Amino acid sequence: MSGGQAKVNLVIRTTMGGYQSAAEQHSQSLASWFVHTPGIKVVIPSNPADAYGLLRSALQDGNPILFFEHKDMYSDKGEVPDDPNYTVPLGKARIVREGSDCTIVAVGKQVQLAQKAADELAEQGIDVEIIDPRTIDPLDEEAILASVEKTNHVVIVHETWTNGGYGGEIAARIADKGLDFLDGPIKRVGAKHTPIPFSPPLENYILPQVEDIVQAVQDTLA
């Protein structure tokens, strides 16, 4: 409302995600709620280096930011740059894996699942490109559209529910600005529209799995 004259240097670190049998109270992924609100930036890192660099950028940004950290990734290990000034720009996607047959857009833990799916698909002769937006608001449309233009197919993966999930917004932007690039339907993979259960087999049924991503890629290429 101030036209940039006022700054709100607020970063809220919060957890998200399931796969830990923590039931509905502790397993939700609510990033879509905040993407709907103008002025709030939403960050979801997928690895330790990005978590470090994105958090530093968030602290310097001057806007209210929701920084979502997946609980199931707190034990992940990875190299972090030995530079106290290292940052990762907000709104700039990362090409996790280059490919030519289908684009997978995924954030957070879903990047790991997408990489496993890509390995399985490679055994079938399907070459997948993985794009990690890192921030879902602002969204790096340019990187996503460039990838879709190259592969002509896209699958969007997120852990939140597909009903009203931010994947629908990404799909809409691709349809609006890159429809001519597509040789197959846009596919989405997300949680089924039900509360997250406590039972591990039921939780795995509700939340996205590697085989769901593999099937979605196969379906859009069919």
Side-chain angles (χ1 to χ4, degrees), residues 4 6-20 26-98 103-116 118 129-147 154 156-160 165-167 169-170 173-174 189-191 208:
K7 298 290 185 181
V8 181
N9 292 307
L10 174 66
V11 178
I12 298 176
R13 292 178 59 200
T14 185
T15 58
M16 63 175 283
Y19 303 98
Q20 294 190 328
H26 307 289
S27 303
Q28 300 179 92
S29 298
L30 303 178
S32 296
W33 290 11
F34 302 97
V35 172
H36 186 66
T37 305
I40 297 178
K41 296 185 178 182
V42 182
V43 182
I44 308 178
S46 65
N47 60 79
D50 276 2
Y52 174 60
L54 289 167
L55 184 57
R56 288 189 57 86
S57 291
L59 292 168
Q60 299 169 15
D61 190 73
N63 289 287
I65 293 176
L66 267 294
F67 197 95
F68 283 93
E69 302 168 0
H70 201 291
K71 297 189 295 294
D72 203 44
M73 298 177 67
Y74 276 141
S75 60
D76 287 4
K77 299 182 184 297
E79 292 187 7
V80 175
D82 187 18
D83 179 0
N85 298 313
Y86 176 75
T87 60
V88 172
L90 304 182
K92 184 67 174 177
R94 175 173 70 102
I95 300 176
V96 179
R97 175 180 180 141
E98 293 191 358
T103 298
I104 298 178
V105 180
V107 297
K109 182 177 175 63
Q110 300 307 311
V111 171
Q112 298 178 353
L113 271 64
Q115 289 175 296
K116 293 178 181 178
E129 180 153 295
I130 301 173
I131 302 293
D132 175 8
R134 293 168 162 163
T135 63
I136 54 175
D137 193 358
L139 182 68
D140 191 348
E141 289 184 11
E142 183 178 349
I144 294 172
L145 289 170
S147 180
V154 62
I156 302 162
V157 185
H158 58 46
E159 191 170 328
T160 190
Y166 61 83
E169 172 64 23
I170 297 174
R173 297 194 195 187
I174 295 171
V189 177

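What you see is a predicted model; the values in this text were computed from it and never measured. Note that these values count all heavy atoms, side chains included, but never hydrogens, waters or copies made by symmetry.
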Determine the minimum heavy-atom distance between [X] and [Y], stating which atoms define it.
{"X": "Pro133", "Y": "Leu139", "answer": "CB-CD1, 3.9 Å"}
{"X": "Thr103", "Y": "Ser147", "answer": "OG1-OG, 2.6 Å"}
{"X": "Leu54", "Y": "Pro89", "answer": "CD2-O, 4.0 Å"}
{"X": "Ile104", "Y": "Ala114", "answer": "CG2-CB, 3.9 Å"}
{"X": "Pro81", "Y": "Ala49", "answer": "CD-CB, 4.0 Å"}
{"X": "Gly39", "Y": "Pro64", "answer": "O-CG, 3.5 Å"}

With sequence neighbours excluded, what pairs up with [X] under the side-chain hydrogen bond (donor to acceptor under 3.5 Å, both in side chains) test?
{"X": "Ser46", "value": "Arg94, Asp132"}
{"X": "Asn63", "value": "Asp61"}
{"X": "Asp137", "value": "none"}
{"X": "Tyr19", "value": "Gln110"}

To the nearest 0.5 Å, what is the distance between [atom1] ([X]) and [atom2] ([Y])?
{"X": "Tyr74", "Y": "Gln20", "atom1": "OH", "atom2": "CD", "result": "10.0 Å"}
{"X": "Ile95", "Y": "Ile131", "atom1": "CD1", "atom2": "CD1", "result": "4.5 Å"}
{"X": "Asp50", "Y": "Arg134", "atom1": "CG", "atom2": "CZ", "result": "4.0 Å"}
{"X": "Ile144", "Y": "Asp140", "atom1": "CD1", "atom2": "CG", "result": "6.5 Å"}
{"X": "Leu113", "Y": "Ile130", "atom1": "CG", "atom2": "CD1", "result": "10.0 Å"}

Please say which of Ile136, Ile40, Ile44 ends up in a side chain to side chain contact (heavy atoms under 4.5 Å, CB included) with Leu66.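 Exactly one pass, corresponding to Ile40.
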
Taking salt bridge (Lys or Arg N to Asp or Glu O under 4.0 Å) as the definition, give me every residue that meets it alongside [X], ordered by chain and number, with sequence neighbours left out.
{"X": "Arg97", "answer": "Asp119"}
{"X": "Glu129", "answer": "Lys150"}
{"X": "Asp72", "answer": "Lys109"}

Residues that His158 engages under ring pair (Phe, Tyr, Trp, His ring centres under 6.0 Å), provided they are two or more places apart: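 His158 satisfies ring pair (Phe, Tyr, Trp, His ring centres under 6.0 Å) with Tyr166 only.
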
Does [X] use its side chain to pair, donor to acceptor, with the backbone of [Y] at less than 3.5 Å?
{"X": "Thr135", "Y": "Gly91", "answer": "yes"}
{"X": "Lys71", "Y": "His26", "answer": "yes"}
{"X": "Thr160", "Y": "Ser29", "answer": "yes"}

Identify, with sequence neighbours excluded, every residue that meets side-chain contact (heavy atoms from CB on, under 4.5 Å) alongside Lys116.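 Result, side-chain contact (heavy atoms from CB on, under 4.5 Å) vs Lys116: Val210.
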
Please list, chain by chain and in numerical order, all residues satisfying side-chain contact (heavy atoms from CB on, under 4.5 Å) with Glu169, sequence neighbours excluded.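 Applying side-chain contact (heavy atoms from CB on, under 4.5 Å) to Glu169 gives Arg173.
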
Do any side-chain atoms of residues 10-17 form donor-acceptor pairs under 3.5 angstrom with protein atoms, and if so which ones, sequence neighbours left out?
residue : atom : partner : partner atom : Å
Arg13   : NE   : Glu69   : OE2          : 2.6
Arg13   : NH2  : Glu69   : OE1          : 3.1
Arg13   : NH2  : Glu69   : OE2          : 3.1

Show me the pairs that pass side-chain hydrogen bond (donor to acceptor under 3.5 Å, both in side chains) and involve residues 75-85, at least two apart or across chains.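 Found Asp76-Gln112.
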
Would you say CD of Glu142 has more than 12 non-hydrogen atoms from neighbouring residues, nucleotides or ligands within 6.0 angstrom?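 No - once you tally the heavy atoms of other residues, nucleotides and ligands closer than 6.0 Å, there are 12 at most.
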
Verify the neighbour count for atom NZ of Lys92: are there more than 12 heavy atoms of other residues, nucleotides or ligands below 6.0 Å?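 No, because the 6.0 Å sphere around NZ of Lys92 holds 12 heavy atoms or fewer from other groups.
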
Are Phe67 and Pro45 side-chain neighbours, meaning at least one heavy-atom pair lies under 4.5 Å?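 They are in contact (side-chain heavy atoms under 4.5 Å apart), so the answer is yes.
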
Quick one: are Ile65 and Leu90 in side-chain contact, heavy atoms under 4.5 Å?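 Side-chain contact under 4.5 Å: yes.
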
